[in-house]
Amino acid sequence: MAAPAPLRDCQAWKDARLPLSTTSNEACKLFDATLTQYVKWTNDKSLGGIEGCLSKLKAADPTFAMGHAISNGLVLIGTGSSVKLDKELDLAVKTMVEISRTQPLTRREQLHVSAVETFAKGNFPKACDLWEQILRDHPTDMLALKFSHDAYFYLGYQEQMRDSVARIYPFWTPDIPLSSAWWCPELPEVPRYVKGIYSFGLMETNFYDQAKKLAREALSLNPTDAWSVHTIAHIHEMKAEIKDGLEFMQHSEAQWKDSDMLACHNYWHWALYLIEKGEYEAALTIYDTHILPSLQASGAMLDVVDSCSMLYRLQMEGVSLGQRWQDVLPVTQKHSRDHVLLFNDAHFLMASLGAHDPQTTQELLSTLRDASESPGENCQHLLARDVGLPLCQALVEAEAGNPDRVLELLLPIRYRIVQLGGSNAQRDVFNQLLIHVALTCTSSVHKNVARSLLMERDALKPNSPLTERLIRKATSVHLM
């Protein structure tokens, strides 16, 4: 195989028809190095890691607008900070905008700056529109593709997440950096990273066969592509192919375990198969060995969500968790006032409830209520009143042992929870909550809800051991 493509300097970006407004070749190369790591879901030590590259990038050209756009965009897309609470981030975004006004930028670069600024204000749909404007004229702009893909994910825009990639897919020829891990003339076909991104959107919209085909093609070119592994893990999860899923994760582990930004999430998928089988101790071993250490080391929102979601699922299954919620709380507690994503808020709440911390629970709920009443264009705050707050209140009622109230809150919004974002597999925790509480309802009004939900689940995901366990439980209390 040929060597990896060299990092692109000013001329190389011009040749790619994606010129960057800087005279610094070093800044251009560091921009490429940062983008490459973002796409690969890893901090590459040979490149200096994302933080190292961004630090050197700013030093190489402090007025490089696209350097500021990728730096601020990556912080914002991580959803762990908001300009409202993080003064340093707020200043960084304002500095980016000021620089863009004093520099002769291309139209594409101006749109990038506007999109990041708009995302910072919480208007994710408008930010996506701006990134899509870029992709219409510049379909090989990977930064616009990745930022829009992630934002669509946060919005629960599954079709847009798929179609955004479909529109640019034919333009990614093998000679384009990041189309494949290596350019190999014997493999003329492949936009490899784009294949992996596209496969995820296809999977989330239930095109499982097509998604698996693309993900496997990507992995045949580069087995270390953790995102394509992730797509296949999802497919096995959604189809309740537990044996195949476990075998796949075991056989591929050596290839993806060093992807520091995604390995924890892939281990989470592995643990889901074990929970499905009822092998709770094995699932907890994965949690203790991989998921909690990753959370404590990174504090990344994906690791937070994985930890909380996994513990909540095990808790619903009646598994004793010891002090594990207390281990998670110090990380989630710091974000109780963020309200960047409602999806995150629900998981922070799981932690404060699980750790029996009423003060943090109250702080989260009261500040979320305030955010829902605040004026502005923040899409999450606008959605909080109708969907976010009822969901959070349902979690509180479940912890308080009020199953009928949980159903009253959740049943009217269950088909709107997709608007909170996340994947189908991630949001399944809320489906499971509905079923578990329905099994313990006392109201005659809710008598047949558990039966209905279980029949629906069994039809959508046949051969699920977890569903079979829940059906047996329903039968034992004469609900089936």
Side-chain angles (χ1 to χ4, degrees), residues 1 3-8 29-57 67 70-71 73-80 142-143 145-147 149-150 153 165 172 176-183 190-200 214-234 248-249 251-270 286 289-307 423:
M1 278 194 173
L7 294 171
R8 289 169 281 185
K29 290 180 179 180
L30 288 162
F31 178 88
D32 200 8
T34 304
L35 177 59
T36 298
Q37 292 171 93
Y38 173 37
V39 172
K40 292 182 178 182
W41 286 83
T42 190
N43 283 283
D44 188 331
K45 291 177 183 175
S46 70
L47 294 174
I50 289 178
E51 288 298 325
C53 285
L54 287 173
S55 176
K56 292 175 188 173
L57 188 159
I70 193 172
S71 177
L74 286 173
V75 174
L76 290 161
I77 217 80
T79 72
M142 178 58 90
L143 188 62
L145 179 65
K146 272 287 289 174
F147 276 165
H149 191 75
D150 288 350
F153 179 75
V165 192
W172 281 80
I176 299 173
L178 293 178
S179 70
S180 59
W182 314 84
W183 182 38
V190 239
R192 203 271 303 169
Y193 283 105
V194 180
K195 277 184 187 289
I197 297 168
Y198 190 17
S199 71
F200 185 75
L214 284 176
R216 289 204 177 277
E217 285 173 5
L219 287 169
S220 72
L221 295 163
N222 183 2
T224 63
D225 180 3
W227 189 249
S228 292
V229 167
H230 168 247
T231 295
I232 294 173
H234 267 273
F248 173 71
M249 301 308 280
H251 292 156
S252 63
E253 180 186 13
Q255 305 294 340
W256 52 260
K257 67 179 182 179
D258 294 326
S259 174
D260 60 313
M261 290 158 63
L262 199 61
C264 174
H265 188 59
N266 281 344
Y267 278 115
W268 177 81
H269 276 280
W270 190 333
I286 287 182
T289 307
H290 299 290
I291 296 176
L292 178 62
S294 182
L295 166 69
Q296 292 175 326
S298 74
M301 287 300 101
L302 181 57
D303 295 354
V304 169
V305 166
D306 287 341
S307 296
S423 67

Roughly how far, to the nearest 0.5 Å, is the CG atom of L219 from the OG atom of S228?
-> 5.0 Å

Taking the side chain as every heavy atom from C-beta outward, state whether L143 and F31 have any atom pair closer than 4.5 Å.
-> yes

With a 4.5 Å limit on heavy-atom distance, are the side chains of Y267 and E253 in contact?
-> yes

Nearest heavy atoms of D32 and P6, plus distance in Å | OD2-O, 4.3 Å

Measure the spacing between CD1 of I291 and CG of D306 and express it to the nearest 0.5 Å.
-> 6.0 Å

What donor-acceptor contacts under 3.5 angstrom involve side-chain atoms of residues 43-51, with partners at least two apart or in another chain?
residue : atom : partner : partner atom : Å
N43     : OD1  : I50     : N            : 2.9
N43     : ND2  : D260    : OD2          : 2.8
D44     : OD1  : S46     : N            : 2.8
D44     : OD1  : S46     : OG           : 2.5
D44     : OD2  : S46     : OG           : 3.4

Please tell me if the side chains of T224 and D258 come closer than 4.5 Å, counting only heavy atoms from C-beta onward.
-> no

Would you say V194 and M142 make side-chain contact, with heavy atoms under 4.5 Å?
-> yes

Separation between CD1 (I286) and CG (N266), nearest 0.5 Å, reads 11.0 Å

For S423 and F200, which heavy atoms make the closest approach, and how far apart are they?
-> CB-CZ, 4.3 Å

For I197 and L145, the nearest pair of non-hydrogen atoms, with its separation, is CD1-CD2, 4.4 Å

Main-chain N/O of A215 paired to T231 side chain as donor or acceptor, under 3.5 Å = no

d(T42 OG1, Q37 CD) to nearest 0.5 Å is 7.5 Å

Looking at S307 and L295, what are the two nearest heavy atoms and their distance?
-> OG-CD2, 3.5 Å

Find out whether I70 and Y38 are in side-chain contact, i.e. whether some heavy atom of one side chain is under 4.5 Å from a heavy atom of the other.
-> no

Do we see a donor-acceptor contact under 3.5 Å between the side chains of S252 and W256?
-> yes

Quick one: does C264's side chain get under 4.5 Å of H290's, heavy atoms only?
-> no

Contact check, side chains of L262 and L302, non-hydrogen atoms, under 4.5 Å | yes

Of all heavy-atom pairs between D303 and S294, which one has the smallest distance, and what is that distance?
-> OD2-OG, 2.9 Å

So Y193 and Y198, ring-ring contact (aromatic ring centres under 6.0 Å, His included) or not? Walk me through it.
-> CA-CA 9 Å; Y193 283 105; Y198 190 17; over 10 Å; no

ring-ring contact (aromatic ring centres under 6.0 Å, His included) against H269, all qualifying residues, sequence neighbours excluded | H230, H234, H265

Exercise: identify the closest heavy-atom pair between A218 and D225 = CB-OD2, 3.8 Å

